[in-house]
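Reading through the structure tokens given below for one structure.
For ligands, and for the atoms within them, numbers begin at 1 and follow the listed sequence.
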Amino acid sequence: MALLSRSQYQERLQNVRLLVTDVDGVLTDGSIYYTEQNVETKQFHVRDGSGFYIARLIDLPLVVITARSSAAVARRFSELPVHALVQGTFDKVTACADVQRQLGIDDRQVAYMGDDLVDLPLLRRVGVAITVADAHPLVRQQADWITGLAGGKGALREVVDDIVSARGLWDRVMNDYETRQGGASDVGFGREAD
Ligand SMILES: [Mg+2]
């Protein structure tokens, strides 16, 4: 794979009907904290959270697949409109294929975001292989596209915004925000939308 030009990337995104993402290093900066009670915690970005609502608004299912398993991740995605959350699987290809089968979506219609070697098999299969600015160098070498933002800094939102642009759906998104009170934050928007 070689990096796509911006226009090639936009063209590929027009066909995307399923967005799949890794957690650690994409939705987080990769840090994992342990409290004195041995509880694992992570930090998420609120603009990525809004990205989940925007994805729902444009009828784009968003699936989260992670090799790790933690209560913090379960908690975060319990409050976001995620189509599916798959924790504790190293076989991301099979996890993604299961969702694709349910939805009737072929590989070319999938965009996947991953940052490390465990993500390469799935990145090689999908229509748009996306990684983050600070991903592992071997992943950056094989990606179709590298976000301007680093993991945990709004990279998923960047991709959702790119899909909205590619499909010409900004009017729909802005209309929705403008007709909601307190629609700017992901919490407010979520409460209103649910
Ligand atoms: Mg990762």
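Tyr112 pairs with exactly one of Asp107, Asp119, Thr131 by the side-chain hydrogen bond (donor to acceptor under 3.5 Å, both in side chains) rule, that one being Asp119.
The distance cut-off of 2.8 Å around the Mg ion (ligand 1) captures these protein N, O or S atoms, sorted by chain and number: Asp22 OD2, Asp24 O, Asp115 OD1.
Using a 4.5 Å heavy-atom cutoff, the side chains of Glu40 and Tyr34 are in contact.
Of the possible donor and acceptor atoms, one in the side chain of Asp134 sits under 3.5 Å from a partner among the backbone N and O of Gly151. Gln100 places a side-chain N or O within donor-acceptor distance of the main-chain N or O of Ile105, the cut-off being under 3.5 Å.
Ring geometry, Phe44 versus Phe77: the interplanar angle exceeds 60°, so the pair is classed perpendicular (tilted spans 30 to 60°).
Checked by atom type, the side-chain pair Tyr9/Asp162 shows a donor-acceptor distance below 3.5 Å.
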